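Below you'll find the structure, written out as structure tokens, and then a few comments.
These numbers come from a predicted model, not from an experiment. Numbering of ligands and ligand atoms starts at 1, following listing order.
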Amino acid sequence: MEKEITINGLTFVPYISRDEIREQVSRVAGEIRRDLSGCEPVFLCVLNGSFIFAADLIREVGIDDCHVCFVRYSSYEGMNSSGKIKQLIGLTEELEGKDVVIVEDIVDTGLTASNLMDDLRRRRPRSLRFATLLHKPECTKTGFIPDYVAFSIHPRFIVGYGLDLDGKARNLPDIYVIKEETEDR
Ligand code: IMP
């Protein structure tokens, strides 16, 4: 893991290693497998940030009858939430009567997640669950609590393992945090 990286002039330092990620993704996958074994779950992955988490998680869950689809629902520009929730796009899968697991990279204010849950409930799935790689519970504006969380973290801006700063750093195998904010998780 690199000691420090610079993205758009900002310095980031290592925060969560690929080994820790693998361990927690495996734990979450086990929880999902336990809750949904015998079902044909639909994993609804929220692009772009969840693509790496989703790929690792879904393979680790190991339910061969599952379906995988992708939607987009971005509300972020740079490092601050714009607070604007945009329209859900790309959903073509029929969800009525299905067991749906939303796969997200991070829940910050929870606005995106709450909106998405409301949107999807209207499509009458049999069950609807929410899995996220990261959760910043102190940032919530909605009280939304995800069903599955790999890591609960303090309000810090992070990148890597799918998460970006202005589209950059999604490729990093480890998670990095902005340098000024490196106290305990
Ligand atoms: P929310 O609607 O405020 O919960 O924002 C969720 C979205 O904000 C995520 O899907 C990310 O795209 C983005 N986001 C929130 N925090 C971070 C971060 O620390 N790094 C990168 N993106 C973030």
Side-chain angles (χ1 to χ4, degrees), residues 2 4-18 20-21 24-25 28 43-58 69-91 100-121 128-185:
E2 303 249 1
E4 278 190 2
I5 53 167
T6 304
I7 307 151
N8 286 0
L10 296 167
T11 307
F12 288 80
V13 293
Y15 190 43
I16 305 175
S17 72
R18 65 195 77 184
E20 290 177 272
I21 295 171
Q24 295 310 313
V25 169
V28 169
F43 291 102
L44 192 135
C45 314
V46 186
L47 293 173
N48 293 330
S50 78
F51 77 111
I52 295 179
F53 174 48
D56 286 347
L57 180 73
I58 294 165
C69 60
F70 298 89
V71 295
R72 270 193 89 120
Y73 213 34
S74 170
S75 69
Y76 247 59
E77 276 170 23
M79 281 176 50
N80 293 305
S81 176
S82 64
K84 284 183 218 135
I85 300 299
K86 294 179 190 165
Q87 210 49 40
L88 183 68
I89 52 171
L91 183 56
V100 177
V101 182
I102 298 167
V103 183
E104 250 293 20
D105 56 353
I106 188 162
V107 174
D108 188 322
T109 63
L111 287 167
T112 310
S114 306
N115 245 55
L116 190 48
M117 292 291 281
D118 290 349
D119 236 336
L120 296 181
R121 265 193 214 102
L128 184 58
R129 294 175 168 83
F130 198 103
T132 186
L133 174 68
L134 296 143
H135 183 208
K136 297 181 187 171
E138 293 159 60
C139 294
T140 187
K141 289 186 182 162
T142 57
F144 174 76
I145 299 172
D147 301 283
Y148 309 104
V149 178
F151 297 95
S152 247
I153 61 169
H154 289 306
R156 314 251 155 82
F157 192 79
I158 53 141
V159 294
Y161 196 70
L163 288 112
D164 72 308
L165 171 60
D166 290 337
K168 296 179 186 168
R170 293 192 195 277
N171 62 302
L172 299 169
D174 308 284
I175 293 174
Y176 289 74
V177 65
I178 194 150
K179 194 173 181 184
E180 289 69 36
E181 309 177 63
T182 48
E183 313 91 71
D184 295 342
R185 234 173 250 164

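- Side-chain contact check for I106 versus K136: some heavy-atom pair is nearer than 4.5 Å.
- Polar contact with ligand 1: present for G110 (N/O pair, distance under 3.5 Å).
- Of all the atoms in ligand 1, the ones that sit under 4.0 Å from a non-hydrogen atom of K136 are 16 (N), 17 (C), 18 (C), 19 (O).
- Remark: ligand 1 atoms within the under-4.0 Å shell around heavy atoms of T112 are 1 (P), 2 (O), 5 (O), 6 (C).
- At least one side-chain heavy atom of L133 sits under 4.5 Å from a side-chain heavy atom of I175.
- Numbered from 1 in the order shown, with element, the atoms of ligand 1 that lie under 4.0 Å from a heavy atom of R156 read 19 (O).
- Distances below 4.0 Å separate heavy atoms of E104 from the following atoms of ligand 1: 10 (O).
- Taking the side-chain hydrogen bond (donor to acceptor under 3.5 Å, both in side chains) definition, one finds that Y176 meets it with nothing, sequence neighbours left out.
- Looking at D164, V46, T109, it is T109 that brings a heavy atom closest to atom 1 (P) of ligand 1.
- Once rounded to the nearest 0.5 Å, the distance linking CZ of R156 with CG of L134 reads 12.0 Å.
- Applying the side chain to side chain contact (heavy atoms under 4.5 Å, CB included) rule to A113 yields the partners V107, F130, F144; only residues at least two apart in sequence or on another chain are considered.
- Of the candidates I158, D105, L163, I158 brings a heavy atom nearest to atom 20 (N) of ligand 1.
- Under the 4.5 Å side-chain criterion, counting only non-hydrogen atoms from C-beta, D105 is not in contact with F53.
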